[in-house]
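In what follows, a single structure is set out as structure tokens and then discussed.
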Amino acid sequence: MTDSITRETIGSDDIDPDFVNVLVKAGADRIRTCIQCGTCSSVCPSGRRTAFRTRELIRKALLGLREEVLSSPDLWLCVTCHTCLERCPRQIKITDAIIIMRNMAVQEGFMLPQHRKVSQKLLETGHAVPIDEKNMEMRKELGIGEIPPTVHSSEDALDQVKKIMEITGFKKLIETEREEKE
Amino acid sequence: MTEARHYALFLGCVMPNRFPNIEKSLRVVLSKIGINLVDLEGASCCPAPGVVRSFDEPTWLALASRNLALAENMGMDIVTGCNGCYGTFKEALHVVHEHPERLKAVKKTLKDVGIKYKANVDAKHIVELLYEIGPSGIQKFVTRPLEGLRIGVHYGCHLLKPSKLRPWKHTERQTFLDELVEATGAESVSYQDKYLCCGAGGGLRSSSADVSTDIAREKLDHLLDAKVDAILNVCSFCHLQYEVSQVQLNKELGENKYQIPVLYYTQLLGLAMEIDPVELGLDKHMISTKPVLEKLGL
């Protein structure tokens with residue numbers, strides 16, 4: 001070959017023909033009607049400042065590039081503002097599709113360390129953002145009770161919340177993955 | 001009218017655990033305008049739509065349903081002052097109403113921890129309750145009109161979208177919050193990208209702080225251009241984003257370029273009702289609210 005152009009070829013091994021079906025079944029109906037118009041990318045606040053392109057993500061999903069989509073950090077640049085979903089001329093529930101793909105990514109072990117930390121806090125305290133000393137002090141000064149009347153004030157309530165996260169498998173999902181990574 | 005109605009107050013995480021000052025203002029102001037709130041005791045994280053829903057949707061649905069069930073069993077609708085929590089409850093109700101098999105699964109999980117749930121409960125944002133009273137109704141509580149105060153209104157995302165699952169009349173370019181702001185006598189100033197996201201959601205604040213802060217920076221620049229006296233929000237997470245991002249940006253720049261006071265709606269209304277700024281938690285902000293108070297001659 002004399003030309004120096006590199007051509008990216010998608011191998012059939014990279015394609016999971018069932019991927020789109022799974023997305024549709026999980027609630028991202030109409031995703032197949034995407035016309036690649038790019039409205040989603042043009043209204044995306046993350047896309048304004050990063051290389052994240054919603055249109056590209058949807059195209060890759062439609063091609064069945066499961067592994068590439070699920071392992072991509074881009075999947076986590078969506079702020080879930082729902083603007084693309086509102087503006088999509090095909091009325092595709094794009095944000096829902098992204099959330100479905102994120103769930104699949106986590107199932108396969110692709111979870112950002114900061115997100116695992118947030119999940120740990122939820123597992124331990126029932127709050128993704130638990131109280132700290134500084135804010136206990138501020139609450140006291142404001143006269144609204146040092147500890148808020150939430151799970152923070154009730155062991156029974158916290159036990160319920162913890163048990164729910166065991167039943168749904170969240171505890172296992174978060175803690176097992178951590179062990180694998182370490 | 002709903003004078004006699006009581007609502008179960010859902011606090012969430014950020015409001016009680018990071019910005020108790022806005023919680024205080026919410027409690028003080030709403031009690032004075034006839035909105036009766038009862039603490040939803042034992043509530044957990046909503047859980048957050050951008051993170052927990054993104055990690056494991058069934059866990060998100062089960063925990064959201066538990067919070068909704070606690071309110072249902074009090075015989076009250078749930079009310080929140082955070083757009084993220086509002087989004088979670090609205091969507092969680094939609095899921096179980098549309099999919100009976102999901103409701104059945106949730107009921108079983110909750111039964112295992114001793115909680116009954118029928119999904120016969122509604123979720124409201126405090127702004128909905130305020131708008132039910134209406135701008136003219138709110139105006140009746142105003143004893144010190146905030147004339148001359150220039151406010152940049154930030155709606156946030158989950159208060160408005162997905163519009164199919166929200167109660168507002170329009171799907172774009174809402175005005176209800178501007179109307180509530182102007183009922184205090186302040187001016188709602190238009191600025192570029194007013195309806196743009198604050199950048200905190202979707203797990204971005206925790207995982208990609210640089211991108212998240214840059215989205216806030218863009219909005220802050222537009223607000224500086226519009227020469228506002230304060231940013232007004234109705235979401236504890238947007239509130240956090242604007243407070244924290246300004247501190248971060250100033251640190252990076254090595255100068256105090258970003259000093260726009262960040263007000264929660266009940267703080268603004270409280271000022272117009274002549275409530276002591278300390279009672280409204282205005283002395284406990286990361287970005288000083290003094291310029292606002294000085295402009296009002298306080």
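Chain letters run A, B, ... following the sequence lines, proteins first, then strands; residues in each count from 1.
Of the listed residues (B:Leu63, B:Leu110, B:Val51), the one with the most heavy-atom contacts under 4.5 Å to chain A is B:Leu63. Comparing B:Leu160, B:Asp39, B:Ile215 by heavy-atom pairs within less than 4.5 Å of chain A, the highest count is held by B:Ile215. For chain A, the option among B:Cys197, B:Ser206, B:Cys198 with the highest count of heavy-atom pairs below 4.5 Å is B:Ser206. For the set A:Thr95, A:Asp132, A:Val118, A:Ile147, the count of heavy-atom pairs under 4.5 angstrom toward chain B peaks at A:Asp132. With chain A as partner, the option from B:Val278, B:Leu196, B:Val14, B:Leu204 having the largest number of non-hydrogen pairs under 4.5 angstrom is B:Leu204. Interface remark: of the candidates A:Ile99, A:Ile167, A:Leu142, A:Leu142 forms the most heavy-atom pairs closer than 4.5 Å to chain B. Ranked by heavy-atom pairs under 4.5 Å with chain A, the first of B:Gly50, B:Pro47, B:Pro162 is B:Pro162. The residue among B:Val52, B:Leu61, B:Ile115 with the most heavy atom pairs within less than 4.5 Å of chain A is B:Ile115. The candidate with the highest count of non-hydrogen atom pairs below 4.5 Å against chain B, out of A:Leu77, A:Leu75, A:Thr50, A:Leu85, is A:Leu77. Your options are A:His115, A:Met104, A:Met165, and the one with the most heavy-atom pairs under 4.5 Å with chain B is A:His115. Comparing A:Cys81, A:Cys78, A:Ser154 by heavy-atom pairs within less than 4.5 Å of chain B, the highest count is held by A:Cys81. Between chain B and the residues A:Lys134, A:Lys117, A:Glu141, A:Met136, the largest count of heavy-atom pairs under 4.5 Å involves A:Glu141.
With a 4.5 Å cut-off on non-hydrogen atoms, B:Glu218 touches chain A through its side chain but not through its backbone. Only the side chain of B:Asp193 comes within contact range of chain A, with at least one heavy atom under 4.5 Å from a heavy atom of that chain. Contact of B:Phe19 with chain A is made through the backbone alone, with heavy-atom distances under 4.5 Å. Interface remark: A:Gln91 contributes side-chain atoms only to the contact with chain B (heavy atom separation under 4.5 Å). Proximity to chain A is absent for every atom of B:Arg205, based on heavy atoms less than 4.5 angstrom apart. Both the backbone and the side chain of A:Pro149 come within contact range of chain B, judged by heavy atoms closer than 4.5 Å. With a 4.5 angstrom heavy-atom cutoff, A:Glu86 touches chain B only via side-chain atoms. Interface residue B:Arg66: only side-chain heavy atoms are found under 4.5 Å from chain A. Both the backbone and the side chain of B:Thr59 come within contact range of chain A, judged by heavy atoms closer than 4.5 Å. Heavy-atom distances place no part of B:Ala48 under 4.5 Å from chain A, backbone and side chain included.
Taking the ring centroids of B:Tyr86 and B:His158, they lie at or beyond the 6.0 Å cut-off. Ring-centre distance between B:His99 and B:His94: not below the 6.0 Å cut-off. Between B:Phe89 and B:Phe10, the distance from one ring center to the other falls under 6.0 angstrom.
In this structure, B:Glu41 places its CD atom where only 12 or fewer heavy-atom neighbours from other residues, nucleotides or ligands lie under 6.0 Å away. In this structure, B:Glu101 places its CD atom where more than 12 heavy-atom neighbours from other residues, nucleotides or ligands lie under 6.0 Å away.
The pair A:Arg116-A:Glu175 does not meet the salt-bridge criterion, since no charged nitrogen lies less than 4.0 angstrom from a carboxylate oxygen. Ion pairing between a basic and an acidic side chain is recognised when a charged N comes within 4.0 Å of a carboxylate O; B:Glu57 and B:Arg102 show such pairing. With respect to A:Glu166 and A:Lys171, no salt bridge is recorded, no charged nitrogen being found less than 4.0 Å from a carboxylate O. Note on A:Arg87 versus B:Glu172: salt bridge recorded, some NZ/NE/NH1/NH2 to OD/OE distance being below 4.0 Å. Under a 4.0 Å N-O distance rule, the pair A:Asp159/A:Lys162 does not qualify as a salt bridge.
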Should B:Tyr242 and B:His154 be marked as a ring-ring contact (aromatic ring centres under 6.0 Å, His included) after you check the CA-CA gap, both sets of side-chain angles, and the distance that decides it? CA-CA 10 Å; B:Tyr242 285 123; B:His154 172 82; 5.0 Å; yes
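Under the salt bridge (charged side-chain N to carboxylate O under 4.0 Å, His left out) criterion, B:Lys219 pairs with no residue, sequence neighbours left out.
Scanning all heavy atoms of the two residues, the minimum distance from B:Leu26 to B:Leu37 falls at CD2-CD1, 3.7 Å. Residue A:Glu146 comes nearest to A:Ile131 through the heavy atom pair O-CD1, 4.4 Å, listed as atom of the first residue, atom of the second, then distance.
Of all residues in residues 22-48 of chain A, those placing a non-hydrogen atom less than 4.5 angstrom from a non-hydrogen atom of chain B are A:Pro45, A:Ser46, A:Arg48.
Between the side chains of B:Thr171 and B:Ser163, no donor-acceptor pair of N or O atoms lies under 3.5 Å. Under 3.5 Å, the side chains of A:Trp76 and B:Ser208 contain no donor-acceptor pair of N or O atoms.
Here the straight-line distance linking atom OG of A:Ser72 with atom NZ of A:Lys60 works out to 6.5 Å at 0.5 Å rounding.
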